[in-house]
Amino acid sequence: MTAGDRAGRGRHGPAPAPHRRRALPRTVRTARPARRAAPALVLVLTTLLTGSACGLLNEESERYTRACGVVVDGSGSGSAGRTGFDARAKLRGSLERFLTDTGCRTLAFAPITRASQSSKCQANTVDLDPELAATEDREHYRGQLRADALKTAGELLTCAQRQRPGSDVVGALSRMAQHRPSGERPAEGSGEGTGTGPDTGPGGRKGSFAVLVVSDFEQNDDDFTMSGQNLATEQGRAEAIGRLLSSNGTPDLSGADLYPVGYGMKHKTRPAAYQRFDAFWTELLEGRLKARVHTTYR
């Protein structure tokens, strides 16, 4: 054994070899960063796809175009009592459905009071389908705006109920007719007549005017009271209609769609009285004013 061997072994045997850390394969060292990058990539792709879907959703939603109105009856007969037709409940049960069924873009408001045309109760016309960014949920906003419109109509009804008792239905229709879009009239011979259901399609008949009238249609104002008229004969009804329109105005409703709610409820247990009442309003609204009366929400 040489001197070098003896030095290497020392007193207690051979010296241990120096420890060396084993190098990891390159593929192992780079695998973890790659896994961390994957969620970020998924997030980007998800955001892009979601944004594209929202944009496509709004682009595909058909825009509403119809001008609409709601008339609310603040007379005593619209109370929630045993003898009333409960105008507030009728309003809540029909307005939002009417706005959706008819495809209303705008909504105007008018009250029925003893002197409807000069009543201080009023509300601004609202846009129910405004311009929105492509990423906005249009149906969500439409629903919110319809709920806001119902609230506004309820506030108008409260104002009307605080006025002097009376019911000028024709005056309210005259006031509402002022909100009709200019130049909008049905073509002669278009075949659009009286109906019993909502119009086809979310936009309804493009450009037409639709009005929900929450009233029992009991005309009772300073100049005209239905109970004092001869409504049993055609001639009597014609004379009564002439007096009513001369004192309360002639609403421009030719071709407009009217949807009464609460119509004739005072006479629901008196068939003969209802027949005279219905004949009077049918001859007035459809015969003289040339409106289209629907029974969808009646």
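The residues of the chain are indexed from 1 along the displayed sequence.
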Within a strict 4.5 Å, meaning less than it, do heavy atoms of the S79 and D86 side chains meet?
no

With sequence neighbours excluded, residues passing side-chain contact (heavy atoms from CB on, under 4.5 Å) with A232:
N230, R276

What's the shortest heavy-atom distance between D73 and A87, and which atoms?
O-CB, 3.7 Å

Of all heavy-atom pairs between S215 and F85, which one has the smallest distance, and what is that distance?
CA-CZ, 3.7 Å

Test side-chain contact (heavy atoms from CB on, under 4.5 Å) applied to S247 - qualifying residues, sequence neighbours left out:
D223

Would T225 and N220 count as a side-chain hydrogen bond (donor to acceptor under 3.5 Å, both in side chains) here? Give the steps.
CA-CA 4 Å; T225 302; N220 179 22; 3.2 Å; yes

With sequence neighbours excluded, residues passing side-chain contact (heavy atoms from CB on, under 4.5 Å) with C159
C121, Q163

Would you please test D127 and L107 for side chain to side chain contact (heavy atoms under 4.5 Å, CB included) and show each step?
CA-CA 7 Å; D127 187 346; L107 182 68; over 6 Å; no

Paired with D129, the side-chain hydrogen bond (donor to acceptor under 3.5 Å, both in side chains) test is passed by just one of R105, R138, R66, namely R138

Please determine whether side-chain hydrogen bond (donor to acceptor under 3.5 Å, both in side chains) holds for the pair Q229 and R237, giving the CA-CA distance in whole Å, both sets of side-chain angles, and the decisive distance to 0.1 Å.
CA-CA 8 Å; Q229 309 300 319; R237 292 191 294 270; over 6 Å; no

Can you list the steps and then say if N248 with S174 is a side chain to side chain contact (heavy atoms under 4.5 Å, CB included)?
CA-CA 8 Å; N248 295 66; S174 294; over 6 Å; no

Using every non-hydrogen atom in the two residues, find where R288 and L245 come nearest and quote the distance to one decimal.
NH2-CD1, 3.9 Å

Would you please test L91 and V70 for side chain to side chain contact (heavy atoms under 4.5 Å, CB included) and show each step?
CA-CA 9 Å; L91 177 65; V70 57; 4.1 Å; yes

Residue pairs involving residues 98-148 (criterion ring-ring contact (aromatic ring centres under 6.0 Å, His included); sequence neighbours excluded)
F98-Y259

Single hit among R114, Q219, Q117 for side-chain hydrogen bond (donor to acceptor under 3.5 Å, both in side chains) with D168
Q219

Flag the pair E139 / D137 as yes when at least one side-chain heavy-atom distance between them is below 4.5 Å, and no otherwise.
yes

K268 with D216: basic N within carboxylate O range, under 4.0 Å
no

Do M265 and S77 have side chains that approach each other closer than 4.5 Å (heavy atoms only, starting at C-beta)?
no

Taking the side chain as every heavy atom from C-beta outward, state whether R270 and Q275 have any pair of such atoms under 4.5 Å apart.
no

Restricting to pairs with a member in residues 211-233, which pass ring-ring contact (aromatic ring centres under 6.0 Å, His included), not counting sequence neighbours?
F217-Y263, F217-W281

Between D278 and R298 the two heavy atoms that sit nearest each other are OD1-NH1, 4.3 Å

Evaluation steps, side chain to side chain contact (heavy atoms under 4.5 Å, CB included), between L150 and D148:
CA-CA 5 Å; L150 176 59; D148 290 343; over 6 Å; no

If you draw a 6.0 Å radius around CD in Q144, do more than 12 non-hydrogen atoms from other residues or ligands fall strictly inside?
yes

Could you walk me through whether T113 and R164 pass side-chain hydrogen bond (donor to acceptor under 3.5 Å, both in side chains), step by step?
CA-CA 7 Å; T113 64; R164 190 162 64 99; over 6 Å; no

V170 and G249 have their tightest heavy-atom pair at CG1-O, 3.4 Å

Donor-acceptor pair, R175 side chain versus S119 backbone, under 3.5 Å?
yes

Residues passing the side-chain contact (heavy atoms from CB on, under 4.5 Å) test with Q161, sequence neighbours excluded, are R88, L157

Locate the shortest heavy-atom distance separating H179 from T125; write the atom from each residue and the value.
ND1-OG1, 3.7 Å

